[in-house]
Amino acid sequence: MAMIANLQYGWTLFVNPIHDTHGWSLSAIQVAFTVFVLVETWLVPIEGYLVDRFGPQFVGVVAGLLVALSWVIFSVADSLSLLYLGAVVGGIGAGAVYGACVGNALKWFPDRRGLAAGITAMGFGAGSALTVFPIANMIKAEGYEATFLKFGVVQGAVVFLISWLLRAPDAAAVAKLRPTPIHGTEIIRTREYSPLEMLRQPAFWIMFVMFVLTASGGLIATAQLTPIAKDFGVSSAPVSLFGITLAALPFALSISRILNGVSRPAFGWVSDHIGREHTMMIAFTLEGIAILLLRQFGQNPAAFVLLTGLVFFAYGQIYSLFPAICGDTYGRRFASANAGLLYVAKGVASLFVPLSSVIGASSGGWSVVFFAAAMMNFAAALLAIFVLRRVRARRVAPIIVTAGQRL
């Protein structure tokens with residue numbers, strides 16, 4: 001998971017160098033980011049089915065080859081069509097890794113789905129933190145093409161090798177697994193929902209809409225952080241925090257990647273104890289407030305660094321909370337495919353990224369984008385506590401057994 005992080009979170013470092021080299025518009029370049037996210041998310045249900053059917057090892061090994069090939073294509077892309085092809089290949093590889101790892105975590109740890117999904121997803125969120133400076137420095141020293149090539153080969157090779165160690169729980173392991181404990185009880189579902197059965201449930205579509213609302217702002221920040229910093233005039237401004245002095249943009253990139261990763265197990269752990277919907281309400285509200293603060297104070301270099309960190313901290317939790325609540329609601333057997341279907345919402349949210357480039361360049365600027373993203377998070381917070389919570393309680397009837405009892 002850490003080795004596919006740069007495919008998404010390292011992208012912003014390459015946008016301006018690609019623009020400077022080829023003269024393509026920023027919105028045209030960002031279409032590649034949207035294509036990557038669309039393919040990465042919309043094919044996860046199929047990749048999740050393959051994981052459920054053949055196991056995570058096979059899917060992960062093939063994915064490693066595609067991860068490497070993606071950035072190799074980027075390194076030689078001299079046209080937008082070739083750039084988009086690399087995004088397609090990378091999206092398939094990243095989605096396969098994501099489906100294999102997160103789906104497997106949901107199966108192995110049903111008693112701590114939030115924490116397990118969060119720790120697994122943390123690799124994807126924070127995996128690029130240590131490579132922000134090496135990538136930025138290599139782009140300056142050797143060009144973005146060489147950087148794509150070298151990092152792509154290394155990342156793909158690691159995915160290829162590590163995937164041989166993956167395995168799903170066998171029948172003996174499944175028999176020993178405990179269901180999710182909530183407030184002193186153990187919840188055992190009466191049935192497992194297949195993907196098609198899940199799609200007929202209202203709760204799934206409420207989750208899907210919430211995922212789109214909350215992912216949009218985070219994806220815009222992920223893809224557009226460099227252009228935003230440039231437009232705010234803070235990219236190269238020195239910032240001194242925590243005894244460290246760095247330029248605002250690389251400082252913000254490093255902190256945001258770390259906090260984006262940390263938030264996933266943190267909020268996942270909280271949700272295991274106070275419930276998914278309550279945790280969602282808290283996180284989504286915090287995200288909306290952070291975006292509004294960035295809108296107001298982001299032109300101050302120090303505030304830009306701190307507030308982007310807060311935005312990514314509040315954003316990262318969706319990649320632990322949504323898989324966990326999906327597993328809670330629809331069971332273990334089809335967890336990879338079901339979580340993959342819900343993950344498609346991220347692809348829908350990515351459609352707002354090129355649109356944000358157009359709006360950011362308009363008279364309204366990034367202020368309009370930030371305000372819309374904040375309102376979407378507030379709407380999702382209300383849906384979580386007032387709609388999803390009630391629908392799940394009414395539509396998905398569990399057998400509740402006191403902790404310690406056995407069926």
Side-chain angles (χ1 to χ4, degrees), residues 1-5 7 40-41 43-69 90-127 154-181 186 188-189 191-195 198 261 264-265 268-269 272 319-320 322-343:
M1 288 286 277
M3 288 298 103
I4 65 170
L7 274 67
E40 182 225 353
T41 54
L43 292 182
V44 168
I46 298 174
E47 293 155 349
Y49 167 79
L50 294 175
V51 172
D52 291 335
R53 179 69 176 81
F54 300 107
Q57 185 184 77
F58 166 76
V59 175
V61 167
V62 175
L65 301 175
L66 297 176
V67 167
L69 180 60
I92 296 173
V97 172
Y98 200 98
C101 294
V102 173
N104 217 33
L106 297 176
K107 293 178 181 181
W108 271 105
F109 305 102
D111 57 333
R112 289 292 184 272
R113 280 197 177 101
L115 179 60
I119 291 176
T120 306
M122 179 173 65
F124 191 47
V154 171
Q155 291 164 173
V158 173
V159 172
F160 178 84
L161 294 173
I162 295 296
S163 293
W164 289 102
L165 304 177
L166 288 174
R167 70 182 181 93
D170 55 23
V174 169
K176 299 178 182 178
L177 299 179
R178 297 186 305 133
T180 304
E186 290 183 353
I188 295 106
R189 298 293 169 194
R191 57 178 293 197
E192 302 280 347
Y193 286 78
S194 70
M198 182 185 70
R264 302 176 187 212
W269 178 83
D272 286 335
Y319 300 109
S320 58
F322 281 109
I325 197 171
C326 186
D328 293 345
T329 308
Y330 300 114
R332 181 202 65 81
R333 182 180 176 187
F334 303 101
S336 298
N338 287 344
L341 280 169
L342 184 57
Y343 194 60

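Of all the heavy atoms in L7 and A94, the pair that sits closest is CD2-CB, 4.1 Å. A339 and C326 make their closest contact through N-SG, 3.9 Å (heavy atoms, listed as atom of the first residue, atom of the second, distance). Minimum heavy-atom separation, S320 to G114: CB-O, 3.8 Å. Contact between S194 and N338 at its shortest, heavy atoms only, is C-OD1, 3.8 Å. Looking at every heavy atom in both residues, L106 comes nearest to A117 through CD2-CB, 4.1 Å.
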Verdict with reasoning, V67 to M3, per side-chain contact (heavy atoms from CB on, under 4.5 Å): CA-CA 9 Å; V67 167; M3 288 298 103; over 6 Å; no
Apply side-chain contact (heavy atoms from CB on, under 4.5 Å) to residues Q57 and W164 and explain how you reach the verdict. CA-CA 5 Å; Q57 185 184 77; W164 289 102; 4.1 Å; yes
Could you go through M1 and V97, starting from their C-alpha distance and side-chain angles, then the distance that decides it, and tell me whether this counts as side-chain contact (heavy atoms from CB on, under 4.5 Å)? CA-CA 7 Å; M1 288 286 277; V97 172; 4.2 Å; yes
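Under the 4.5 Å side-chain criterion, counting only non-hydrogen atoms from C-beta, P169 is in contact with N104.
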Identify each donor-acceptor pair in which a side-chain atom of residues 48-55 lies under 3.5 Å from a protein atom, sequence neighbours left out, and give them as a table.
| from | atom 1 | to | atom 2 | distance (Å) |
| --- | --- | --- | --- | --- |
| D52 | OD1 | K107 | NZ | 2.5 |
| D52 | OD1 | S336 | OG | 3.2 |
| D52 | OD2 | A337 | N | 3.2 |

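A distance of 7.0 Å separates CE of M198 from CG of L342, quoted to the nearest 0.5 Å. Between the OG1 atom in T120 and the CZ atom in F109 there is a gap of 7.5 Å [rounded to 0.5 Å]. The CD1 atom of I92 sits 12.5 Å away from atom CG of L65, with the distance rounded to the nearest 0.5 Å.
Every residue meeting the side chain to side chain donor-acceptor pair (under 3.5 Å) condition with Y343, not counting sequence neighbours, appears here in chain and number order: E40, K346.
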